Amino acid sequence: MASGPELFVVCKKCNSEVSPYITECPYCGTRLRKRAPKLEKGGAPRASARRRERPRLSRLKPGEIPGVRADSRPDATIGLVVVSVLVSLAFRSGLIGLPRLVDVVATSPLDGDYWKLVTQLFVYVFSTGYEVAALGAVFLFGWLLERRHGAWAPLLVFFLGGLAGSALVLALDPTSGTVGANSAALALLAAWSMRDILSRRRGQEDDADLLGVLAIAVVLVLLPLATPEPHSLAGLGGGVAGILLGLVLARVPER
């Protein structure tokens, strides 16, 4: 058996050129040596001599899965939903009169009661289906925004988007009114979606289901056709406000 300059050896039986670091010929099975030779100094390190450092993880928190970051509870988003449910229950049970919270119809400039543009976001007068749809969207996209940026993000988008929708209705159709968080829900949806829409325009891939988001948006936009409580102008104002806020949030570092 002859060998080249550390490149190969020749099997005595089949005259095949094989690696000098194997013990048997892969072509005929002839045993070439008892054990593979050690590498010279300066060669590639042996696998047995290489020690791989294992990554050290911090101590797991309660409820955390190894290797997966535990998401904090979306307290701000839960608070928005709970307050809406409690206020609506108080109104329907007669504890709170509707004019105390809403009463913005044909009232300009609200006799100083501008806070009603915000409180009406928490009232659902007649339709339970409207309440479920709006609060479901508020919780979903508020939770996603809160997980991405923190508690301040869904609160900011909810109130600014809802206020924009209420103000638009008062400015363009003062003889009508709007109640519920349809405008705020559209604002949260738009604000959360803008980051992924911008990334896809840049050719980046993500795992966001934007078709599902579009379906929810269509439901929210069409809600004024199913119940008189939300106003289409409120949804428009909330959606535009959400887009603008989403463009800003897309440039804010995520936590």
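Numbers for residues simply follow the sequence, beginning at 1. Since this is a predicted model, take the numbers as computed values, not measurements.
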Colleague: Can you name the nearest heavy-atom pair linking Leu188 to Pro154, along with the distance?
Modeller: CD2-O, 3.7 Å
Colleague: Is there side-chain contact between Leu168 and Val240, with at least one heavy-atom pair below 4.5 Å?
Modeller: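 A side-chain contact under 4.5 Å is absent here.
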Colleague: Measuring from Thr178:OG1 to Leu170:CG, what's the distance to the nearest 0.5 Å?
Modeller: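 CG of Leu170 is found 11.0 Å from OG1 of Thr178.
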Colleague: So do Val213 and Asp196 actually touch side chain to side chain, heavy atoms under 4.5 Å?
Modeller: no
Colleague: Under the 3.5 angstrom rule, does the side chain of Glu229 hit a backbone N or O of Tyr130 as a donor-acceptor pair?
Modeller: no
Colleague: Is a donor from one side chain sitting under 3.5 angstrom from an acceptor on the other, for Gln120 and Ser166?
Modeller: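 Yes.
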Colleague: Just wondering, do Val85 and Glu131 contact through their side chains at under 4.5 Å, heavy atoms?
Modeller: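 SC-SC contact between Glu131 and Val85 confirmed.
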Colleague: Write down the atom of Ala164, the atom of Ala241, and the distance for their closest heavy-atom approach.
Modeller: CB-CB, 3.9 Å
Colleague: If you take all heavy atoms of Gly239 and Ala190, which pair is closest and at what distance?
Modeller: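 The answer is O-CB, 3.8 Å.
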Colleague: Show the nearest heavy-atom pair for residues Tyr124 and Ala181, with the distance to one decimal.
Modeller: OH-N, 3.1 Å
Colleague: To the nearest 0.5 Å, how far apart are OG1 in Thr227 and CG in Leu222?
Modeller: 13.0 Å
Colleague: Looking at Leu223, Leu186, Leu220, which hits side chain to side chain contact (heavy atoms under 4.5 Å, CB included) with Pro230?
Modeller: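 Only one of Leu223, Leu186, Leu220 forms a side chain to side chain contact (heavy atoms under 4.5 Å, CB included) with Pro230, namely Leu223.
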Colleague: Using a 3.5 Å distance criterion without hydrogens, assess whether the side chain of Ser88 forms a donor-acceptor pair with backbone atoms of Phe122.
Modeller: yes
Colleague: Given the rule that I, L, V, M, F, W and Y join up when any side-chain heavy atoms are under 4.5 Å apart, are Leu236 and Leu172 in one cluster?
Modeller: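 Same hydrophobic cluster.
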Colleague: Which pair of non-hydrogen atoms, one from Asn182 and one from Ala134, has the smallest distance, and what is that distance?
Modeller: N-CB, 4.4 Å
Colleague: Flag yes if Val82 and Val132 sit in one hydrophobic cluster, no otherwise; membership is Ile, Leu, Val, Met, Phe, Trp, Tyr, and two members link when side-chain heavy atoms are under 4.5 Å apart.
Modeller: no
Colleague: Please report the interatomic distance CG(Leu210) to CZ(Arg200), rounded to the nearest 0.5 Å.
Modeller: 4.0 Å
Colleague: For residues Ala191 and Leu249, report the shortest heavy-atom separation together with the two atoms involved.
Modeller: CB-CD1, 4.4 Å
Colleague: Check the angle between the aromatic planes of Trp152 and His149 and answer parallel, tilted or perpendicular using the 30° and 60° thresholds.
Modeller: tilted
Colleague: Rounded to the nearest 0.5 Å, what separation is found between the CG atom of Leu80 and the CZ atom of Phe139?
Modeller: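 Answer rounded to 0.5 Å: 11.0 Å.
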Colleague: Rounded to the nearest 0.5 Å, what separates atom CD1 in Ile243 from atom CD1 in Ile197?
Modeller: 7.5 Å
Colleague: What about Leu189 and Val221, same hydrophobic cluster or not, with Ile/Leu/Val/Met/Phe/Trp/Tyr joined at side-chain heavy-atom distances under 4.5 Å?
Modeller: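 Yes, it is one cluster - the side chains of Leu189 and Val221 are joined through contacts under 4.5 Å.
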Colleague: Taking Val252 as the starting point, is it possible to reach Phe141 by hopping between hydrophobic residues whose side chains are less than 4.5 Å apart?
Modeller: yes
Colleague: So Leu140 and Trp192, do their side chains get closer than 4.5 Å, heavy atoms only?
Modeller: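 Side chain of Trp192 against side chain of Leu140, heavy atoms only: no contact under 4.5 Å found.
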Colleague: Could you state the interatomic distance from CZ (Phe158) to CG (Leu245), rounded to the nearest 0.5 Å?
Modeller: 13.5 Å
Colleague: Do Val83 and Leu145 belong together in a cluster built from hydrophobic side chains that touch within less than 4.5 Å?
Modeller: yes
